[in-house]
K.L.:
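Dropping a structure here in structure tokens format, bear with me for questions.
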Amino acid sequence: MENSFWINPFIKIAGFRSLIYGLLGLLLIAVVAYLTGTHFYGFSDLGFAKDSEFWLYALEQLLSWVLISLCLYVSGLLFSNTKLRVVDVFGTNILARMPLLLVPLVRLIPPFQSFVFQSVEMYLLLGIYVLSLAWTMVLMFNGFKISSNLKGIRLIASFIISIVVAEILIRLILNSIYYL
């Protein structure tokens with residue numbers, strides 16, 4: 001199962017190729033998020049409001065990717081005994097974000113474009129988000145595992161700490177931008 005393309009595509013796609021595919025995917029996520037008013041307030045938070053210009057949707061995606069990748073890269077440098085390539089960490093991490101496209105894509109379907117709080121549509125969308133977030137985390141973990149060559153507790157601890165630190169930084173920066 002760990003070698004499944006859907007769980008670990010980085011066995012076949014890594015480095016520069018994953019970076020290019022991921023950048024195209026990140027742009028697609030930002031465009032569809034803009035069209036549907038789907039905000040990603042950090043990595044683990046979602047909101048809906050068609051109140052912003054495109055650059056903000058793109059910035060949310062870009063900031064999340066760069067800060068998470070940077071934290072993972074620093075963790076890899078600190079804990080890995082092998083040479084770590086920036087392109088591998090950033091490339092696998094950006095490609096790992098592709099499941100997040102599911103929520104804004106579903107929001108293109110008419111019943112999900114506008115819905116009442118605590119409606120069936122809201123709970124279905126929330127379920128899709130939780131699944132896409134879990135899938136993204138699995139992909140990010142596997143990408144980091146391959147890029148850093150870490151194993152065991154060093155892998156798990158450095159991954160969790162990196163995600164938590166990145167999420168705090170993302171929220172601090174985005175909040176300062178939202179309230180300018």
Side-chain angles (χ1 to χ4, degrees), residues 5-10 13 17-72 89-144 159-160 162-180:
F5 182 80
W6 298 103
I7 301 298
N8 197 356
F10 312 113
I13 303 171
R17 271 183 50 205
S18 65
L19 185 62
I20 295 301
Y21 292 154
L23 285 170
L24 292 172
L26 194 76
L27 179 61
L28 181 61
I29 292 171
V31 167
V32 180
Y34 170 71
L35 293 173
T36 61
T38 306
H39 284 278
F40 291 89
Y41 304 115
F43 178 67
S44 64
D45 197 3
L46 185 69
F48 308 110
K50 291 186 176 185
D51 61 349
S52 305
E53 295 180 27
F54 174 74
W55 69 266
L56 186 58
Y57 294 90
L59 181 66
E60 289 169 350
Q61 293 302 313
L62 193 62
L63 190 63
S64 182
W65 163 59
V66 168
L67 288 177
I68 291 171
S69 297
L70 191 59
C71 288
L72 290 171
V89 175
F90 279 71
T92 56
N93 192 271
I94 195 170
L95 194 59
R97 299 179 62 78
M98 294 310 102
L100 296 176
L101 180 60
L102 291 173
V103 173
L105 279 177
V106 169
R107 295 248 314 146
L108 290 171
I109 302 168
F112 294 96
Q113 290 174 1
S114 180
F115 49 84
V116 179
F117 183 69
Q118 295 188 348
S119 64
V120 172
E121 291 86 358
M122 186 192 85
Y123 287 116
L124 284 171
L125 202 56
L126 180 61
I128 291 167
Y129 177 62
V130 168
L131 291 174
S132 69
L133 188 60
W135 186 9
T136 298
M137 291 295 283
V138 168
L139 290 173
M140 287 171 62
F141 180 82
N142 285 332
F144 181 59
F159 180 78
I160 291 170
S162 295
I163 297 299
V164 170
V165 168
E167 182 68 7
I168 291 167
L169 292 173
I170 293 163
R171 286 174 182 257
L172 288 172
I173 293 170
L174 284 176
N175 281 337
S176 69
I177 292 169
Y178 294 144
Y179 299 112
L180 282 178

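The model shown is predicted, which means the values in this text are computed figures rather than measured ones.
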K.L.:
Rounded to the nearest 0.5 Å, how far apart are CD1 of I29 and CD of E60?
P.N.:
12.0 Å

K.L.:
Taking the six-membered ring where the residue is Trp, are the ring centres of Y57 and H39 under 6.0 Å apart?
P.N.:
yes

K.L.:
How long is the gap from CG on L124 to CD on E121, to the nearest 0.5 Å?
P.N.:
7.0 Å

K.L.:
Kindly indicate whether the side chain of F144, heavy atoms from C-beta on, has any atom under 4.5 Å from the side chain of F10.
P.N.:
no

K.L.:
Just wondering, more than 12 heavy atoms not from Y34 lying within 6.0 Å of its OH?
P.N.:
no

K.L.:
What distance do F112 atom CZ and I109 atom CD1 have between them, rounded to the nearest 0.5 Å?
P.N.:
6.0 Å

K.L.:
Kindly give the heavy-atom pair with the smallest separation between L139 and P9, and that separation in Å.
P.N.:
CD2-CD, 3.4 Å

K.L.:
Among V165, I173, L72, exactly one meets side chain to side chain contact (heavy atoms under 4.5 Å, CB included) together with L67. Which residue is that?
P.N.:
I173

K.L.:
Are any non-hydrogen side-chain atoms of I68 and I170 less than 4.5 angstrom apart?
P.N.:
yes

K.L.:
Report the C-alpha distance between L56 and I177 in whole Å, list the side-chain angles of each, state the deciding distance to 0.1 Å, and finish with yes or no for side-chain contact (heavy atoms from CB on, under 4.5 Å).
P.N.:
CA-CA 9 Å; L56 186 58; I177 292 169; 4.2 Å; yes

K.L.:
For T136 and R97, what are the C-alpha separation, side-chain angles and deciding distance, and is it a side-chain hydrogen bond (donor to acceptor under 3.5 Å, both in side chains)?
P.N.:
CA-CA 6 Å; T136 298; R97 299 179 62 78; over 6 Å; no

K.L.:
Could you give the distance from CG (L59) to OG (S52), rounded to the nearest 0.5 Å?
P.N.:
11.0 Å

K.L.:
Are S69 and I94 side-chain neighbours, meaning at least one heavy-atom pair lies under 4.5 Å?
P.N.:
no

K.L.:
Can you find a heavy atom in the side chain of M98 that is under 4.5 Å from one in the side chain of Y21?
P.N.:
no

K.L.:
For M122 and F48, what are the C-alpha separation, side-chain angles and deciding distance, and is it a side-chain contact (heavy atoms from CB on, under 4.5 Å)?
P.N.:
CA-CA 11 Å; M122 186 192 85; F48 308 110; 6.0 Å; no

K.L.:
Under the 3.5 angstrom rule, does the side chain of S18 hit a backbone N or O of G91 as a donor-acceptor pair?
P.N.:
yes

K.L.:
Using side-chain heavy atoms (C-beta onward) and a distance below 4.5 Å, is V32 in contact with R107?
P.N.:
no

K.L.:
Which residues satisfy the side chain to side chain contact (heavy atoms under 4.5 Å, CB included) test with L102, sequence neighbours excluded?
P.N.:
I128, S132, W135

K.L.:
Working to the nearest 0.5 angstrom, can you tell me the gap between I13 CD1 and I20 CD1?
P.N.:
12.5 Å

K.L.:
With salt bridge (Lys or Arg N to Asp or Glu O under 4.0 Å) as the rule and sequence neighbours excluded, what pairs involving residues 35-50 come up?
P.N.:
D45-R171

K.L.:
Shortest non-hydrogen contact from Y41 to G47?
P.N.:
CE1-CA, 3.4 Å

K.L.:
Are the side chains of L108 and P104 in touch, meaning some heavy atoms are under 4.5 Å apart?
P.N.:
no

K.L.:
Can you name the closest pair of heavy atoms from L46 and F40 and give their distance?
P.N.:
CD1-CE2, 3.8 Å

K.L.:
Over all heavy atoms of both residues, which pair between A30 and A58 is shortest? Give the atoms and the distance, please.
P.N.:
CB-CA, 3.7 Å

K.L.:
How far does CD1 of I168 sit from CD1 of I163, to the nearest 0.5 angstrom?
P.N.:
12.0 Å

K.L.:
Carefully, step by step, assess T36 and Q113 under the rule side-chain hydrogen bond (donor to acceptor under 3.5 Å, both in side chains).
P.N.:
CA-CA 7 Å; T36 61; Q113 290 174 1; over 6 Å; no

K.L.:
For the residue pair W65 and L26, what are the closest heavy atoms and their distance?
P.N.:
CE3-CD2, 4.3 Å

